[in-house]
Protein chains: 4
Amino acid sequence: MRILVTNDDGISAPGLWDLVRAVQPLGEVVVSAPDRDRSGVGAGLTLHDPLRIQTYASPVDGVIAHAVDGTPGDAAIMGIHEISDGPLDVVVSGFNSGNNLSVDVVLSGTVGAAWHGYTNGINSIAFSVHHVSEAGSPLIADLVKAAVVAVSSGGDGEAALLNVNFPLLDERNCRIEHHDHSMSDGRFVDVVETELAPRLMADRIVMEHRVNRTMFWNARESVWRPGDPLPEESDMGAMLARRVSVTPLDRLLAGGASYSATGEVIDAMLAVLRR
Amino acid sequence: MRILVTNDDGISAPGLWDLVRAVQPLGEVVVSAPDRDRSGVGAGLTLHDPLRIQTYASPVDGVIAHAVDGTPGDAAIMGIHEISDGPLDVVVSGFNSGNNLSVDVVLSGTVGAAWHGYTNGINSIAFSVHHVSEAGSPLIADLVKAAVVAVSSGGDGEAALLNVNFPLLDERNCRIEHHDHSMSDGRFVDVVETELAPRLMADRIVMEHRVNRTMFWNARESVWRPGDPLPEESDMGAMLARRVSVTPLDRLLAGGASYSATGEVIDAMLAVLRR
Amino acid sequence: MRILVTNDDGISAPGLWDLVRAVQPLGEVVVSAPDRDRSGVGAGLTLHDPLRIQTYASPVDGVIAHAVDGTPGDAAIMGIHEISDGPLDVVVSGFNSGNNLSVDVVLSGTVGAAWHGYTNGINSIAFSVHHVSEAGSPLIADLVKAAVVAVSSGGDGEAALLNVNFPLLDERNCRIEHHDHSMSDGRFVDVVETELAPRLMADRIVMEHRVNRTMFWNARESVWRPGDPLPEESDMGAMLARRVSVTPLDRLLAGGASYSATGEVIDAMLAVLRR
Amino acid sequence: MRILVTNDDGISAPGLWDLVRAVQPLGEVVVSAPDRDRSGVGAGLTLHDPLRIQTYASPVDGVIAHAVDGTPGDAAIMGIHEISDGPLDVVVSGFNSGNNLSVDVVLSGTVGAAWHGYTNGINSIAFSVHHVSEAGSPLIADLVKAAVVAVSSGGDGEAALLNVNFPLLDERNCRIEHHDHSMSDGRFVDVVETELAPRLMADRIVMEHRVNRTMFWNARESVWRPGDPLPEESDMGAMLARRVSVTPLDRLLAGGASYSATGEVIDAMLAVLRR
């Protein structure tokens, strides 16, 4: 199996290399990631400027890595068309540091990179963890392996595009204010198929004066509060209930093949949880 | 009525000002657009750097314009939260120079700006013309006015997000190779609700050596050829048949309210065509 | 006479258009400036990415203006090689908002643009005012005209590169903390040839946490205090004494021809002061 | 001794790590370099946006490395103010891939980084090799060590700013068209103090159409041809004659202290050549 690994917060981000280590036992790994943090750029591409690549000193033996001076989508496309020695079986993007939920996945470079793997005909999965420190978890690594093997063999020929979110494992890593995660005990409850939750974040512009210049920041913030209702199959609800969520994003197109791939991926990950 | 006008190819692009002139008779117009061409950036936002704005010498009297050093989405958000004097009724984004069709709307800054108007609770429409020279067409201006009035009064309270594509008017402006548009006669056949066509474009990486450096370009190209099948309700099919297409994009969320807004917008535009 | 006008803080900066109005009576004016604020970029050029230009709606009749998606140096070079109809007599860069003094002219995009006019064989002058509100002063406009005419006819054939700083006119616009400018009376004392003062500024890195990310700002600050000694012919000293200063920057090269141009420019400006 | 190493073409450039290996025997090495290629940016700084740093997996044991999302000057300043554990003795910038000669050092990020080390009161040297493959040369490494030790102990207290160019060692690496370097034999003839040569390069704007957009490249080219005269002490002349050249750049300021530092650096390097 040949796997392309990419991410959104840059080739030196530890979460990228945790994902590399997670998939490395499955076959040949190629890394093509942005040279620096490109969060918030979503599925954007660089179409009117040239792209450049540089080799990168991989901290993991046996893995060739390239940094791309572009977006996560550019990095995925360069990995597919220029860097990989041969056809890829899977594109994995992550680990995103923090869950990528709700309609704001449109902003996620992690999901954006996976989008471009998918539109290039390759099964693609975006992986997010609740807190960056959990990206090295052996349980999460096993779930990743199961998902990758399942998506490569599952489905009906059309590429799948899945957004996988791992809830937190250790309650001390909880990132949701006022949410009681005291039940966290290092395990996930189960694995479910989900839909994007309605909008959870709001834009908020803050003015700042610095060096006698005026600038503005978008201090986006959560408008969801614990206790607010959520649709039953929402990715956010699953995360709060400590369920691994798998959101098939190719449903945007009629007849997206992830219907079968999603089921096989979920079954494979459940098998890991039940060991 | 208060209308925010934005775009993706920058505040000095003629298509932006064609759209401003089209909506100006409807009420107060505020322009907030990127300071330069930001095509390909989709719905990305600048979340980790400051944003800056500068006033811009508007070529249209009575319109205040600001250039934002950011993405189309940033420009929309700044227009909504910082620049507008009061609540906005509609966000219009365009005119995009060339149709924005198929799943590649995820790359479109024109659609991206409208996305952020929508997520901020404002009815938003992205408008694309087949060829930039047709952006000043009086027929298109009338259709835009009808759509804007209808979306502001239609629907059921939830914001709508619509992607409107105008086919070509003059066959000499046809941008599709090998497609016979000889029937174009300066009119549109009708107005229909559509879905995103499956993927029409493919990435293609081209290597270039310049000044003894190697760089790469993504020379994306169409993989659809005239005669290839298209789903019946696709936006691409409508464009080829010279039907104005209205694609409701908020269907990504369960219960998106554009169902009713879409119908009213289509009816209003059909009324214009039948005059 | 054909004059190229450029600047560093972008084509919509009012100071640029004050300079355009100041030189317009002298002949044909071409404007080529960065599309946005590029302060701090010095004489840098974009050598590994393409440059793009867009026409700009000039607020001054009879002047063609282009915005360049690049540095001030790129804008000057594009103006010279691509935009101007014919050979240029002078490149003027400004008005910089605040004096450009001391060895920190290496950071100044205003001086950087002039540098590239000079290296392309054209007499070039960078103009800075003490406070942006004084850029429209009729006295400063007359001094600019005198300098431009003198540099075009003076010297010995080799191009000149001059950095001109206008002190403040109105003491209420004083930007130097604790400096007594109570003698300012709307006039300049005289015009002198100067050298770059030793370093007046120091870098200072400030850490900031925002959205659980750490970032750093260079909060550069003045380390010169009123009363600190300055070399007699320093540009800073002249500015404090309300003398217009002309610093020939081409002295960096052996035999720089500005020796004679500087003298003629100073004489011409003195003649204006003595009217 | 504590040494900061930086460069202009990014933290993953091999020439940077050749320089790190060259100086490592002298003491503690800190690396702070741009995260990607920033050639052409000269001494520019990022003054209106935040800077970010990321640790980098150093290929050389015992060396802490940070990538800075900014210019070479930003990287030097961050290294000095934020990253280094204690006061620095020297800032070395390089190896630049290709000689940095003539007045175009104003464009060089390698020289720009050294400039900002110097303005922060630290002895700084920019090192360029004729061809990147020679950056690992043991002879060049020894010359670098000698220069660094000499500049740290030499001079009269004021910081020095030196631009050092190593000519080619192997004639097959000659980058000058039509120049006869057949005498190259793996040695340098001597070490001399030099001045910046007059301008050797010219700007040339080339138009390109791509994806129905027009863009422009500055295809800067050499206007010096072998045989053209050069001032006797020019850095370019020394390079052609296979003399290591040391150009003191702090002579821009009256009384620059490099007069004595330059002499001691040259003597120390000559001692290496004569072993």
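Because the structure is a prediction, the values reported are computed rather than measured. Order of the sequence lines fixes the chain letters, A, B, ..., with proteins taken first and strands second; residue numbering starts at 1 for each chain. Just so you know, these numbers use all the heavy atoms, side chains as well, and skip hydrogens, waters and symmetry mates.
Among the candidates C:T46, C:I53, C:D69, C:I77, the single residue satisfying the side-chain contact (heavy atoms from CB on, under 4.5 Å) test with D:F216 is C:I53.
When heavy atoms are compared at a cutoff of 4.5 Å, D:A202 does not approach chain C at all. In this structure, the portions of C:L45 lying under 4.5 Å from any heavy atom of chain D include both its backbone and its side chain. Heavy-atom distances place the backbone of D:T214, and not its side chain, under 4.5 Å from chain C. At a 4.5 Å heavy-atom cutoff, D:M201 makes no contact with chain C through either its backbone or its side chain.
Within a 6.0 Å sphere centred on CD1 of C:I64, heavy atoms belonging to other residues, nucleotides or ligands number 12 at most.
Between chain C and the residues D:G40, D:G109, D:G112, the most heavy-atom pairs under 4.5 angstrom are made by D:G40. Among C:V106, C:V41, C:D37, the residue making the largest number of heavy-atom pairs under 4.5 Å with chain D is C:V106. Considering only heavy-atom pairs separated by less than 4.5 Å from chain D, the leading option among C:T119, C:L107, C:L47 is C:T119. Per-residue heavy-atom pair counts under 4.5 Å with chain D were compared for C:P50, C:P231, C:A43, and the maximum is reached by C:P50. Interface summary for chain D: among C:R52, C:E82, C:H116, the most heavy-atom pairs under 4.5 angstrom belong to C:E82. When each of D:V68, D:N218, D:D74 is scored by its heavy-atom pairs under 4.5 Å with chain C, the top score falls to D:N218.
Minimum heavy-atom separation, D:D203 to C:H81: O-CE1, 3.3 Å.
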